[in-house]
Amino acid sequence: MKVTCAQKDLQKALNIVSKAVKPNSTLPVLDNILIKTEGKKLFFLSTNLEIAIECSIEAQVKNEGSLTVPAKLLDSYVSLLKDDQVELSVNNGTDFHLKSKSSETKMKGIKSEDFPAIPKVEREGSFQIEGQELIQAVGQVVFAASSGTSRPVLAGVYFKLSGENLTLVATDSYRLAERKVKVSKSESAIEEIIIPSSTMSEVARIFEKSGDPIEVIISKNQVLFSQKNVQLTSRLVEGKFPDYTAIIPKQKTSSAILDMNEFLLAIKRVSLFARENSYNIRLEVLKEGKLLISSSATEMGEGKTEVTARVQGEDAAIALNAQFLIDFLGNLSESTVLFDIDTKLTPAVLRPEGKQEYLYLVMPLKLD
């Protein structure tokens with residue numbers, strides 16, 4: 001193999017595929033990135049056996065070939081290069097040479113034959129969605145997924161496809177986030193899938209937040225995300241997602257419309273004193289037009305603050321996890337938020353004011 005490419009293109013590709021590389025003492029080749037040539041393009045592949053990432057760039061290919069190269073070393077080295085053009089070549093089977101105008105280095109690689117085969121996703125369904133829409137939707141739900149492994153379905157993001165309507169849901173049984181988006185070119189015999197939350201976090205990190213479409217190809221046990229020259233393949237989570245709609249309150253006693261930034265800052269202040277109490281804070285909506293937020297006295301002290309609100313309904317109080325509220329508010333781009341309470345024993349519901357496509361539900365804590 002002997003190719004020449006632009007340093008900035010090489011660095012961008014390595015940054016992307018390196019995200020699937022995790023230290024693996026059992027299979028050392030998984031610490032590497034597979035580099036190969038096809039036509040006038042240079043391809044980069046990585047996998048941790050859970051997900052696989054592929055990226056391609058334009059290159060001047062003089063001799064074709066392939067080799068796997070240590071991911072961390074190569075990524076770090078290329079990021080320190082300042083020359084515009086870089087020449088990559090392989091000698092003696094596993095010697096990887098990288099040469100630029102001002103420097104030259106050699107790295108020891110592993111033969112490409114030892115690299116695991118990337119499974120091909122058999123198309124049983126597909127749809128397209130703008131990159132900006134998908135990445136925003138993922139960011140607004142993925143934090144609510146469980147970080148545990150006892151219930152794998154709760155460690156994933158649930159996708160429900162109905163025509164041109166896609167619903168994303170994540171829950172850890174203590175809070176739930178639901179986001180609805182529009183898709184195009186939807187053709188699917190499979191309407192429901194669960195994708196590992198770790199996969200969705202990587203999707204949000206590697207794909208461009210732009211109007212460029214992301215194609216999602218679905219099979220019974222795998223999913224493929226593709227945008228321009230980048231592809232990510234992942235396994236699916238087996239199992240059935242719980243019927244979450246049954247726990248969404250159908251009524252409310254009190255509703256408050258709040259300035260998002262004021263609400264967020266107030267919760268952050270009070271939460272400083274709630275760490276010793278599992279972030280349990282009290283939120284009391286007063287029909288006179290206030291939201292009182294407080295934490296119980298601990299060794300650190302106690303916090304109390306109030307936020308101006310537009311209130312409809314009766315006075316109501318509930319105890320919630322402050323960190324759960326911060327996670328939600330930190331992912332909002334809207335300036336105002338709707339906060340609904342029914343009783344102290346039923347979940348609180350939050351959403352951006354005037355928008356029905358995003359819903360966040362938080363289970364109540366013990367109210368002192």
Side-chain angles (χ1 to χ4, degrees), residues 12-13 16-17 19-20 38-39 41 43-47 50-58 118-142 145 153 156-170 177-241 244-245 331 333 352 355-359:
K12 183 177 180 180
I16 290 172
V17 295
K19 290 179 171 58
E38 284 186 18
K41 288 189 175 182
F43 287 82
F44 305 84
L45 293 93
S46 63
T47 182
E50 294 288 324
I51 66 170
I53 301 175
E54 177 181 313
C55 182
S56 64
I57 63 173
E58 298 291 333
I118 306 300
K120 185 177 180 180
V121 178
E122 299 296 334
R123 185 188 295 261
E124 296 182 59
S126 66
F127 61 87
Q128 287 190 6
I129 180 172
E130 287 187 0
Q132 183 171 344
E133 280 288 322
L134 179 61
I135 291 170
Q136 183 185 55
V138 170
Q140 292 180 333
V141 302
V142 71
V153 295
V157 177
Y158 172 66
F159 277 52
K160 182 176 177 60
L161 187 64
S162 178
E164 293 186 348
N165 298 304
L166 175 66
T167 302
L168 287 74
V169 184
E178 177 194 68
R179 179 72 155 83
K180 297 179 179 180
V181 293
K182 292 289 185 181
V183 300
S184 61
K185 298 184 180 180
S186 173
E187 299 177 1
S188 184
I190 300 174
E191 296 182 345
E192 300 179 40
I193 58 174
I194 305 173
I195 305 174
S197 59
S198 57
T199 294
M200 295 315 304
S201 294
E202 293 303 337
V203 167
R205 290 172 63 194
I206 72 171
F207 289 103
E208 293 182 4
K209 190 175 182 179
S210 67
D212 291 322
I214 294 176
E215 184 178 25
V216 183
I217 301 172
I218 305 166
S219 71
K220 288 182 180 179
N221 50 27
Q222 288 185 309
V223 63
L224 169 68
F225 295 85
S226 179
Q227 184 187 49
K228 294 192 292 187
N229 64 327
V230 180
Q231 293 186 339
L232 183 149
T233 305
S234 171
R235 66 174 181 85
L236 296 177
V237 178
E238 295 183 4
K240 186 170 179 61
F241 202 76
Y244 68 93
T245 58
N331 279 285
S333 56
K355 295 190 176 182
Q356 299 298 311
E357 63 267 22
Y358 186 25
L359 174 146

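Heads up: numbering here begins at 1 and tracks the sequence.
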Decide if atom [atom1] of [X] counts as having more than 12 heavy atoms of other residues, nucleotides or ligands within a radius under 6.0 Å.
X      : atom1 : answer
Glu192 : CD    : yes
Lys19  : NZ    : yes
Glu187 : CD    : no

Which atom of [X] lies closest to which atom of [Y], heavy atoms considered:
X      : Y      : answer
Ile214 : Gly131 : CD1-CA, 3.7 Å
Gln227 : Glu208 : OE1-N, 2.8 Å
Asp212 : Lys228 : OD2-NZ, 3.4 Å
Cys55  : Val230 : SG-CG2, 4.0 Å
Lys182 : Ile129 : O-CG1, 4.0 Å
Ala177 : Tyr358 : CB-CE1, 4.5 Å

Distance in Å, [X] [atom1] paired with [Y] [atom2], rounded so as to fall on 0.5 Å steps:
X      : Y      : atom1 : atom2 : answer
Thr233 : Glu50  : OG1   : CD    : 13.0 Å
Ile53  : Phe44  : CD1   : CZ    : 13.5 Å
Ser188 : Arg123 : OG    : CZ    : 10.5 Å
Gln136 : Leu168 : CD    : CG    : 11.5 Å
Ser126 : Lys185 : OG    : NZ    : 9.5 Å
Ile206 : Leu232 : CD1   : CG    : 4.5 Å

Do the side chains of [Y] and [X] get nearer than 4.5 Å, heavy atoms only?
X      : Y      : result
Arg235 : Pro196 : yes
Ser56  : Glu38  : no
Ile190 : Lys220 : yes
Val169 : Glu178 : yes

Using only atom types and a distance under 3.5 Å, with no angle test, would you say the side chain of [X] pairs donor to acceptor with the backbone of [Y]?
X      : Y      : answer
Glu215 : Ser226 : no
Ser186 : Phe127 : no
Ser219 : Gln222 : yes
Asn229 : Ile57  : no

side-chain contact (heavy atoms from CB on, under 4.5 Å), that's the test. Do Val157 and Val138 meet it? Break it down for me. CA-CA 9 Å; Val157 177; Val138 170; over 6 Å; no

Let's go through Arg205 and Glu202 carefully: what are the C-alpha distance in whole Å and the side-chain angles of both, what is the deciding distance for salt bridge (Lys or Arg N to Asp or Glu O under 4.0 Å) to 0.1 Å, and is it a yes or a no? CA-CA 5 Å; Arg205 290 172 63 194; Glu202 293 303 337; 2.9 Å; yes

Check the pair Gln231 / Leu224 against side-chain contact (heavy atoms from CB on, under 4.5 Å), numbers first and verdict last. CA-CA 7 Å; Gln231 293 186 339; Leu224 169 68; 3.9 Å; yes

Check the orientation of Phe225 and Phe207. Use parallel for under 30°, tilted for 30 to 60°, and perpendicular for over 60°. tilted

Please list, chain by chain and in numerical order, all residues satisfying side chain to side chain contact (heavy atoms under 4.5 Å, CB included) with Leu236, sequence neighbours excluded. Ile193, Ile195, Val223

